Each structure stands twice: as C-alpha cells, then as structure tokens.
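These figures come from a predicted structure and were not determined experimentally. In what follows, chains are A, B, ... by sequence order, proteins preceding strands, each numbered from 1. Note that these values count all heavy atoms, side chains included, but never hydrogens, waters or copies made by symmetry.
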Amino acid sequence: MKQEKEWVIEAEHLSYTYDGNEKPALDDLDLKIRRGHKVAFMGGNGSGKSTFFLCLNGIRRPDKGRVLIDGTPIAYTRKGLLDVRRRVGIVFQEPDDQLFSASVYQEISFGILNLGADEETARKKVEQVIRELGICPFQDRPAHGLSGGQKKLVAIADILVMEPEVMILDEPAASLDPKHTKIVREIVEKLTMKGITVLMATHDMDYAFGWADEIVLMYEGRVLKKGTPLEVCADREALEQTNLEVPAVLRLYEKMRQKGMASQKGDPPRTMEELERRFL
Amino acid sequence: MILIDKLCYQSKLRYVNATEKFVYAVLSLVFCIVSRSAAAAVLVFLANGILTVGKGKIPLSHYIKLLLVPAAFLLLGTAAMLIDLSRAPMDAFAFRIGEWYLTGSTASLTRVCRLWITALSAVTCLYFLSLNTTMTDILEVLRKMRLPTLLIELMMLIYRFIFLLLETASAIMTAQESRLGNRDYRTKVRSFGAMASALFVQSMRRSDALYDALESRCYDGTIRVLSQERPAKKKEIVGIALFESLLLLITIWSIIE
Ligand SMILES: Nc1ncnc2c1ncn2[C@@H]1O[C@H](COP(=O)(O)OP(=O)(O)OP(=O)(O)O)[C@@H](O)[C@H]1O
Ligand SMILES: [Mg+2]
C-alpha cells in the first residue's frame with residue numbers, strides 16, 4: 001500500500017504565459033490542496049483559474065515552477081501524463097468544448113475505455129453514471145439537441161466515469177437554471193462523500209461560503225488569499241480587490257449581532273438555512 | 001440536411017438494428033439499379049414509403065417534400081433524353097415547328113419512365129436509411145465494415161461540429177441583425193464577411209479546446225467509444241431476406257429477358 005500523502009496537489013512557483021501574450025496567465029503561484037477537501041476558486045475573468053486547472057493535469061506545462069500530485073512531480077512523458085490525467089479529471093468550462101461525439105453514450109464511454117477497461121466493465125460503469133446523474137431522459141438525443149444544462153451533466157458524467165481522485169469543475173453552475181444547479185450541487189456533495197477532492201471555480205460567493213472547506217481568491221495569476229471561508233471573508237480588502245461581495249448570510253448575521261438579535265458566541269452560520277435554524 | 005437529421009431522431013424505426021436497415025437499403029438500391037426493372041423499382045418505392053411513413057411515422061408532407069427535390073431534378077434531366085428534334089414525326093407525340101417536329105418515340109418514352117422510377121426508387125432507399133437511422137448509428141455500421149478508423153473519427157467529429165458551427169453562425173447573425181447589420185446590401189456583405197472571420201477564429205479556438213479536453217481524458221490518438229447495440233429481431237431479418245429474394249428473382253428474370 002502506498003502511503004496516502006496529506007497534500008494531494010502542490011503547486012510551487014507556477015508561472016505560465018500563453019504564446020503571444022505579454023501578461024502571464026499564472027504568475028509565481030503557490031498553493032497546496034489537502035486530500036478530500038472542497039476548494040472553491042474565485043476571482044475575476046482572466047484571473048487564471050482555468051489556466052491553473054489545465055496545469056494540474058499536465059495539459060499546460062508551466063514555464064517555471066512545478067506541480068506535484070500525491071507528492072510526486074508531474075512527469076511530462078506519455079506515461080506520466082496518462083497517470084496524472086487518470087487521477088485529476090477536469091470538467092471544462094464550456095461543455096461544447098468538451099463533447100466531441102453527437103451520441104451521449106459514446107461520449108461518456110470515451111474516457112473509461114482510454115483507461116483500459118474492458119467493454120463489459122465500461123458498459124456497466126457508463127450505464128451506472130447515466131443513472132446516477134439522471135441523464136436517462138435525454139441519453140438518446142444528439143448532443144446538438146441538448147440544452148446547456150443537459151450538456152453540462154454529460155460533461156460531468158464524462159469525467160465521473162473515470163473515477164478520478166481529484167475532480168475539477170470549472171464553473172459548473174454557469175448558464176444553469178436553478179434546477180440543474182441543484183442537481184450539479186448534489187452531485188458535488190456525493191463526490192466529497194466518496195472522499196474525492198473537489199476543486200471548483202465559481203463566481204457565486206453565497207454558495208462557496210456554505211460549501212467550501214477552503215476558498216482561494218485568485219488575482220492576476222496569483223493567489224491573493226487562501227483560507228477557510230470565514231478567514232477569506234474577514235479580509236474585506238482582498239474581497240474588494242477581486243470585486244467579490246461578502247456573502248449574504250454573513251452580512252445578515254453581522255447586522256443581527258450588532259442589534260443584539262444573535263448571540264456573540266459560536267461561529268457565524270454558513271448558509272441561510274443554518275441561520276434560520278439557529279436564530280429564528 | 002438539418003431537416004433529415006431532425007426527423008431521424010423522431011423516427012419510430014430509429015431503434016431497429018442499424019445493420020439490418022443498412023443491409024436492406026443497400027441491397028434494395030443495388031437490385032433496383034442492376035435490374036432496371038420497373039416492377040422492382042415500384043416495389044422498392046412502395047416498400048420504402050410504407051416503412052418510412054407508415055412504420056417510421058415520418059410525416060408524409062416532409063417525405064413528399066424531400067422526394068420532390070430529386071424528382072424535379074430527374075424530370076428535367078430525362079426530358080432532354082425524351083425529346084428529339086427531327087424532320088419526321090415519331091409515334092409517341094409530335095409538335096410541329098415549321099419544317100421540324102419536336103417529337104419522341106414510345107420506346108424512348110417507356111425507357112425514360114423506367115429510368116425515372118428506377119432513379120427515384122434508388123433515392124428512396126437512401127432516404128429510408130437517413131430518415132430512420134441516426135448518423136452515429138450509420139457510422140457504427142461503417143466501423144463494423146472495417147472502414148479506416150481515421151475516416152470514421154473524422155466523420156464523427158465533422159458531424160458534431162457542423163452543428164456547433166451552425167449554432168455559432170446563427171448566434172453571430174442574430175447579434176448582427178439586432179444591431180441593424182443587414183440594413184442594406186453593403187452592410188449585409190460587410191456583416192457576412194465579419195461573421196465568416198469570427199467563425200473562423202472561433203473554430204480555431206474550439207479545436208484547440210477540444211484537443212485539450214480529449215487529452216484530459218487520456219486521448220492517445222484513437223477515439224474508442226462504445227455504441228449501443230440494438231438487437232436484430234428474427235422477424236425483421238426474415239422479412240428483409242424475403243423481400244430481397246423477391247428483388248433478386250426480379251433482377252435475374254429481367255437480365256434473362
Ligand atoms: N488559449 C489561450 N490563448 C491565449 N491566452 C489565453 C488563453 N486562455 C486564456 N488566456 C489568457 O490567460 C489569462 C487567464 O485566463 P483564464 O482562462 O485562466 O482565466 P479564468 O480565471 O479562467 O477566467 P474566467 O473566469 O473568464 O473563466 C487571461 O488573460 C486570458 O486572456
Ligand atoms: Mg475560466
């Protein structure tokens with residue numbers, strides 16, 4: 001048995017500049033991620049979230065610095081890259097960038113077959129994931145006949161079927177309606193229950209505040225602030241710099257405390273439901 | 001083409017084993033063309049109509065509209081074969097123009113009719129296949145027939161990307177329209193040029209992103225996927241076999257004739 005390391009991902013002094021760009025997309029970025037944690041990545045457009053994710057499974061090779069997965073640096077060889085991609089799965093920001101086949105079933109089976117599964121196992125897994133994510137009602141429709149939310153679910157299934165150790169969701173809730181947002185969030189909950197480390201880029205502070213173990217604020221290719229949601233939200237300067245709002249629960253809770261409606265003891269509530277339960 | 005794609009996903013025969021449908025369509029097509037017999041052609045024409053409209057529940061109006069396209073084309077093409085310009089009138093019909101006759105013989109009339117129905121039946125075979133079978137299923141059959149993988153992968157990606165391209169194009173056009181980009185001919189041309197270049201840039205970006213996404217899922221140069229097999233039914237196989245045997249008989253008979 002290989003001993004499980006505490007840090008599943010370590011990024012050391014990552015720098016990356018896209019060809020033809022002057023400004024680096026990643027600028028001396030340092031970050032460690034604990035196994036099994038739920039980490040929310042927040043930051044404005046172009047702050048380098050997607051680029052960072054692509055570095056984590058070796059799609060982008062940093063100009064400087066290195067990425068360690070389970071304590072071993074990524075080896076940029078065929079075998080090394082396959083190994084990293086088996087452990088770190090990315091659901092892309094745009095499902096249309098990810099779905100290559102018009103058939104949902106074919107699409108989902110691609111990843112697992114690449115891992116060398118035989119046909120029978122692959123079939124079983126694909127069908128299981130289709131059931132788990134509720135893809136059944138539209139699994140026989142072509143990709144171009146699916147709505148944005150349905151495409152997103154298929155994109156998640158693509159990766160889920162490969163059972164990665166680390167699952168990266170690049171803005172999973174973008175362009176989703178409330179129903180699909182809820183479905184995606186339930187899936188994410190299930191993932192963490194299985195012990196999968198989940199990294200998620202999101203612009204929804206209220207959600208991140210309630211969900212995440214850790215929030216990483218990105219700014220111009222660097223980590224501006226990293227910590228528990230409370231720690232991050234206590235740093236109003238950093239929030240302002242990244243144009244993020246203090247989560248609604250926290251604002252409300254602070255107001256209630258000022259007016260003496262809530263006790264001074266205990267942690268602030270993380271979600272509206274918790275606030276209701278505790279104080280109303 | 002988009003219409004056919006839409007219809008085939010609604011066809012009630014969509015889930016019938018694709019190989020069966022493929023074999024049926026191709027054999028019928030071959031017999032139709034080889035036999036050149038009007039009987040075979042009519043038989044195939046009717047069978048395809050009954051299958052596509054009756055069983056597949058493709059709306060009759062759509063089916064007729066789709067058939068009118070090649071029918072009109074064939075009519076124009078065969079008209080040239082039928083009508084002669086000569087000094088002596090022939091037996092089928094003749095219109096006098098001064099010294100000359102615009103005329104045709106009964107023999108050529110029957111020949112043209114037979115050609116016309118044969119060609120039209122051949123087209124219905126292809127319509128039957130494409131209106132009742134999705135592109136992905138057809139590709140699966142081709143894969144089973146050991147067509148080069150590269151070709152099949154290309155077709156698969158092209159099929160997906162045609163629709164992405166159309167979506168993007170129509171989004172850009174709507175955006176232009178809402179900013180009065182089609183006010184007059186000049187702006188129209190300019191807008192179209194702008195759209196084409198935007199489309200090109202987007203396609204480049206898309207293909208890069210798609211490659212990244214494939215790589216993320218351990219892509220190693222070949223696209224391996226599982227397909228959903230629909231079991232072939234005995235009844236259907238027997239039906240196809242009987243029908244094709246009948247066509248074979250007609251073909252042999254018409255060759256002996
Ligand atoms: N394929 C590319 N080619 C060139 N430059 C790129 C490319 N992708 C991203 N960039 C640039 O790199 C920087 C970081 O972009 P990135 O996509 O990582 O940001 P992001 O945080 O994911 O933003 P968003 O919230 O919009 O998704 C930006 O300045 C962007 O313009
Ligand atoms: Mg991004």
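- Counting heavy-atom pairs under 4.5 Å between each of A:V126, A:L54, A:V84, A:N57 and chain B puts A:N57 at the top.
- Interface remark: B:D5 contributes side-chain atoms only to the contact with chain A (heavy atom separation under 4.5 Å).
- Annotation: maximal heavy-atom pairing with chain A below 4.5 Å, among B:I162, B:L164, B:T136, occurs at B:T136.
- Between B:Y219 and A:F110, the angle of the ring planes lies from 30° to 60°, which puts this pair in the tilted group.
- Looking at A:P142, both its backbone and its side chain come within 4.5 Å of chain B, counting heavy atoms on both sides.
- Of all heavy-atom pairs between B:L226 and A:S109, the closest is N-OG, 2.8 Å.
- From A:H144, atom NE2 reaches atom CG of B:L166 across 10.0 Å, with rounding to the nearest 0.5 Å.
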inquiry  = Does A:Q98 form a side chain to side chain contact (heavy atoms under 4.5 Å, CB included) with B:L210? I'd like the steps, not just the answer.
reply    = CA-CA 6 Å; A:Q98 190 183 319; B:L210 180 84; over 6 Å; no
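- The shortest non-hydrogen separation linking B:S216 to A:R85 is O-CB, 3.7 Å.
- Residue-environment remark: CZ (B:F192) stays at or below the threshold of 12 foreign heavy atoms within 6.0 Å.
- Counting heavy atoms from C-beta on, the side chains of A:D140 and B:Q228 come closer than 4.5 Å.
- Among A:L99, A:L115, A:I159, the residue making the largest number of heavy-atom pairs under 4.5 Å with chain B is A:L99.
- For the set B:K6, B:E167, B:E140, B:R14, the count of heavy-atom pairs under 4.5 angstrom toward chain A peaks at B:R14.
- Rounding to the nearest 0.5 Å gives a distance of 10.5 Å between SG of B:C218 and CZ of A:R78.
- Among all heavy-atom pairs drawn from A:A102 and B:Y159, the shortest one is CB-CE2, 3.3 Å.
- Proximity to chain B (any heavy atom under 4.5 Å) is restricted, for A:F92, to the side chain, taken from C-beta onward.
- The environment of OH in A:Y76 is crowded: more than 12 heavy-atom neighbours from other residues, nucleotides or ligands sit within 6.0 Å.
- Heavy-atom distances place both the backbone and the side chain of A:L113 under 4.5 Å from chain B.
- Interface remark: A:D96 contributes backbone and side-chain atoms alike to the contact with chain B (heavy atom separation under 4.5 Å).
- Rounding to the nearest 0.5 angstrom, the gap separating the CD atom in A:Q106 from the CD1 atom in B:I223 is 9.5 Å.
- Closest approach of B:D212 and A:R60 over heavy atoms only: OD2-NH2, 2.9 Å.
- Ranked by heavy-atom pairs under 4.5 Å with chain A, the list B:T134, B:D137, B:L214 is led by B:L214.
- Interface remark: A:R123 contributes backbone and side-chain atoms alike to the contact with chain B (heavy atom separation under 4.5 Å).
- A salt bridge between B:R217 and A:E107 is present, with a side-chain N of the basic residue lying under 4.0 Å from a carboxylate O of the acidic one.
- The shortest non-hydrogen separation linking B:V225 to A:F100 is CG1-CZ, 4.0 Å.
- Counting non-hydrogen atoms of other residues, nucleotides and ligands closer than 6.0 Å to OH of B:Y9 gives a total above 12.
- Heavy atoms of other residues, nucleotides or ligands lying less than 6.0 angstrom from OH of B:Y15 number more than 12.
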